[in-house]
Amino acid sequence: MEFRIADTFTDSLARLPAPDQKAVKTSAFDLQTNPQNPGLQLHRIENSKDRNFWSVRVNRDIRIIVHKTEASMLLAYVDHHDRAYAWAERRRIEAHPKTGAVQIVEAPERRELPLFTPRESAGAPPFAKLSDDELLSIGAPADWLADIRAASEDGFLELAPRLPAEAAEALLQYATTGLLARLAPAPADPYAHPDALRRFRVVENIEELAQALDAPWDKWAVFLHPSQRDLVERNYSGPAHVAGSAGTGKSVVAVHRAVRLARASVQARVLLATFSDPLAAALERKVRLLAGADSGLLSRILVASLPVIAAELFELAYGHRPHVATPDRLARALEKATDAAEGPVNANFLRSEWTHVVDAWQVEDCAAYLAVPRLGRKNRLGSKQRERLWPIFAAARESLETRGFTTWPGVFSTVTRHYAERTEKPFTHVVIDEAQDLGVPELRFVAAVANASENGLFFAGDLGQRIFQRPFSWGALGVDIRGRSSCLKVNYRTSHQIRRAADRLLPKEIRDVDGVAEARGGTVSVFNGAEPRVLVAPDAAAEIDAVAAFLMEALASGVDASEIGVFTRRPEELSRAQATVAAAGREPMELSERGDEAGVRISIGGVHLAKGLEFKAVAAMACDEEILPVQSRIDSVADEVELEGVYETERQPFYVAATRAGSAADQRRGAGLGIPAGFYMIITTPDPLGPTTA
């Protein structure tokens, strides 16, 4: 007999208090090991139209709902007695007559008036013209067709959670794009359909069941969307890339793919890397959760930030750690070299040219400087201008090297040269998360340390979240992802309301230098939520009071302190975040310190460290004039066109902050607590630029 678990079971389990969860898990283990155990007290749900629903007694009040046939046992739901029975009485589990995918179908309520009445101002219902055949082709249950066609656009957001996920997503995409996607043909086994796999999983043994039940909030570890599963399991002949807006599960794909590659061979050496230490720590926790107790699997996966792994490989190759110059030391070296220059030189331009051209491309001599591409650099420099500037850069580099210092691009380039010509690489596979922030030296580095064989390089990233790097051609560096690039369109983290607000900050399509397009249109969110709040405070003191009230509201509604994030554009404004958290009666914890602990501490940090992280509630504050955009960036630009680029790219970190709120689709506490699932607040002091006008 096959033993399965449904996502509705993990969702409902997560809503129970901890003591009840523990008792449920014990009963689930007993059910898996001996389904005929009389102590489980199985009773058929007599009032359910599905005769295969049974209840299992956990304790005096808690009941597990199972779906039992001769061939299988499915954990479907768990709740207090009356609610558990009511859930089963209104549902059935069956293979869809058109798609073949097994679904959990809720019976619609029948009323004299339509369940959803479109407002006069809303126009015709968006799905009124879809035929029965069209609706059935996307997995809509037959007894919901009338309600779907009668639903207004706003009403459908309330209807969608009651439909099978594939039908709700297809209809949301139709409402957004006007296109109706048809599902894949039905396989012989209805449980093997890609859309059945997203909600049902076969559990082979006690260890697998424990893994699924010990972390029910992390549904990504158990259930994957078909588009995600395809990217995890697909084999690529060359470098591959997955894109998608914030919340679409790019990191989920990266983690699952790294684990899949490690499982494929005991000889595998997989690097899962990203740009920051906090995000690397978050990815490592996900890898450990997914791998479970398989220590051999964990030994084949290294999770680290790119600077950390580069420094380790540098030490392995040369016997000592690299000595990386601080920004202040570099600035002094450039300033001293400028003193000997012929004629005046703009200091801001010089630092920018060093960072984005000379050091990034590791230019070694004047001839190379004359030939290096300057994509993203708005100043046109003729050969004579470059010849005049080169001695400054050469002198600055010599000054650093004579004192034993290098730069991070120098570290990456040194390790790249070490491994580029070697057939034996440190890793068989490299998976990069937040790949949009790779620069030239980092991209060359990851290409050099991975095997060039099948599945050697995989990148996950969103150009709309690029903060650190200027555009450049990946293809010119030998990393050609054309024809092997995909885009995820289903948003699991952010609500419809937050996604709509945040998307206004960015264009509908972003293209990289090689012409690979990331289309942001057509993305749909799978759940509804509260409207995000945008407030303008008269001064910093009023701002602190307003955000503190917001934090206390979230805490009172049941959100843990560890699930709250307060972000500022720069670390320099963190004192305001610290004062805000203190005013809310809690202790702040900087993102750089963030670990596994939960409870009393609220995370604070600059936006650049929040990339890839998730919270239930988010406040972005200190969005003052001269902070958003950062005045230092304005002061450092070399020309008017570069200034326009600053304003454009300042929207991207703000987009990152606004999209950290979410992870509420699991509804782990339920609507009864009144939690505005996945919400954020933006606070500005007078004269805000961007946030309230975007």
Indicate whether the side chain of [X] and that of [Y] have a donor and an acceptor atom separated by less than 3.5 Å.
| X | Y | answer |
| --- | --- | --- |
| Asp7 | Thr10 | no |
| His80 | Asp61 | yes |
| His256 | Glu233 | no |
| Arg499 | Ser525 | yes |

TODO: Any chance you could lay out the salt bridge (Lys or Arg N to Asp or Glu O under 4.0 Å) test for Lys25 and Asp30, step after step, and finish with the verdict?
DONE: CA-CA 9 Å; Lys25 292 174 186 178; Asp30 291 342; over 6 Å; no
When rounded to the nearest 0.5 angstrom, what distance separates [atom1] in [X] from [atom2] in [Y]?
| X | Y | atom1 | atom2 | answer |
| --- | --- | --- | --- | --- |
| Glu284 | Leu298 | CD | CG | 8.5 Å |
| Lys49 | Glu89 | NZ | CD | 11.5 Å |
| Arg51 | His67 | CZ | NE2 | 11.5 Å |
| Arg199 | Thr8 | CZ | OG1 | 10.0 Å |
| Arg660 | Leu613 | CZ | CG | 7.5 Å |
| Leu209 | Glu204 | CG | CD | 11.5 Å |

TODO: Show your reasoning for whether side-chain hydrogen bond (donor to acceptor under 3.5 Å, both in side chains) applies to Arg234 and Asn455.
DONE: CA-CA 9 Å; Arg234 189 185 302 180; Asn455 299 326; over 6 Å; no
Within the structure provided, determine whether [X] and [Y] are in side-chain contact (heavy-atom separation under 4.5 Å).
| X | Y | answer |
| --- | --- | --- |
| Phe3 | Val202 | no |
| Arg198 | Pro226 | yes |
| Val524 | Asn491 | no |
| Leu488 | His225 | no |
| Ser27 | Ile64 | yes |
| Leu135 | Leu171 | yes |
| Leu224 | Val252 | yes |
| Phe200 | Leu74 | yes |

Salt-bridge contact [X]-[Y] (side-chain N to carboxylate O under 4.0 Å):
| X | Y | value |
| --- | --- | --- |
| Glu134 | Lys98 | no |
| Asp82 | Arg63 | no |
| Arg288 | Asp294 | no |

Open item on the list: Using the side chain to side chain donor-acceptor pair (under 3.5 Å) definition, which of the options Glu94, His96, Glu166 pairs with Gln103?
Closed with: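 It is Glu166; the other options fail the test.
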Open item on the list: Using a 6.0 Å cut-off, check whether atom CD of Glu454 has over 12 heavy atoms from anything other than its own residue.
Closed with: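 More than 12 within 6.0 Å, yes.
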Checking [X] side chain against [Y] main chain: does a donor-acceptor pair fall under 3.5 Å?
| X | Y | result |
| --- | --- | --- |
| Arg260 | Val232 | yes |
| Trp144 | Arg162 | no |
| Thr659 | Tyr655 | yes |
| Thr248 | Ser245 | yes |
| Ser12 | Val78 | yes |
| Arg149 | Leu130 | yes |
| Arg92 | Asp50 | no |
| Lys68 | Trp54 | no |
| Arg257 | Val253 | no |

How close do [X] and [Y] get, counting heavy atoms only, and between which atoms?
| X | Y | answer |
| --- | --- | --- |
| Leu197 | Ala192 | CD1-O, 3.8 Å |
| Phe223 | Ala6 | CZ-C, 3.6 Å |
| Pro108 | Asp147 | CB-OD2, 3.7 Å |
| Ala140 | Ile148 | CB-CD1, 3.8 Å |
| Arg263 | Leu290 | NH2-O, 3.7 Å |
| Ala95 | Gly100 | CB-O, 3.9 Å |

TODO: For the pair Ser72 and Thr69, evaluate side-chain hydrogen bond (donor to acceptor under 3.5 Å, both in side chains) and give the outcome as yes or no after the intermediate values.
DONE: CA-CA 5 Å; Ser72 67; Thr69 68; 3.2 Å; yes
- [ ] Could you walk me through whether Ile65 and Phe53 pass the side chain to side chain contact (heavy atoms under 4.5 Å, CB included) test, one step at a time?
- [x] CA-CA 7 Å; Ile65 302 299; Phe53 273 135; 3.6 Å; yes
- [ ] Kindly indicate, with the supporting measurements, whether the criterion side chain to side chain contact (heavy atoms under 4.5 Å, CB included) is fulfilled by Arg300 and Val266.
- [x] CA-CA 8 Å; Arg300 299 194 288 275; Val266 294; 4.2 Å; yes
Open item on the list: Apply salt bridge (Lys or Arg N to Asp or Glu O under 4.0 Å) to residues Arg500 and Asp503 and explain how you reach the verdict.
Closed with: CA-CA 5 Å; Arg500 281 199 301 253; Asp503 281 352; over 6 Å; no
Task: All side chain to side chain contact (heavy atoms under 4.5 Å, CB included) counterparts of Ser295, not counting sequence neighbours - done: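 In terms of side chain to side chain contact (heavy atoms under 4.5 Å, CB included), with neighbours along the sequence ignored, Ser295 is linked to no residue.
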- [ ] Can you spot which of Asp433, Val431, Val303 makes a side-chain contact (heavy atoms from CB on, under 4.5 Å) with Thr274?
- [x]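 Among the candidates, only Asp433 passes.
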Open item on the list: Using the side-chain contact (heavy atoms from CB on, under 4.5 Å) definition, which of the options Asn52, Val56, Ile45 pairs with Val66?
Closed with: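 Option passing the side-chain contact (heavy atoms from CB on, under 4.5 Å) with Val66: Val56.
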- [ ] Starting from the C-alpha separation in whole Å, work towards a yes-or-no answer on side chain to side chain contact (heavy atoms under 4.5 Å, CB included) for His43 and Tyr85.
- [x] CA-CA 11 Å; His43 294 284; Tyr85 271 66; 4.2 Å; yes
Open item on the list: Parallel, tilted or perpendicular, judged at 30° and 60°: which one describes the rings of Tyr236 and Phe458?
Closed with: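 Geometry flag for Phe458 against Tyr236: tilted rings.
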- [ ] Could you please spell out the steps behind the side chain to side chain contact (heavy atoms under 4.5 Å, CB included) verdict for Val105 and Ile93?
- [x] CA-CA 6 Å; Val105 180; Ile93 296 180; over 6 Å; no
Task: Aromatic centroids of Phe9 and Tyr77 separated by under 6.0 Å - done: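 Tyr77 vs Phe9: aromatic centres not under 6.0 Å.
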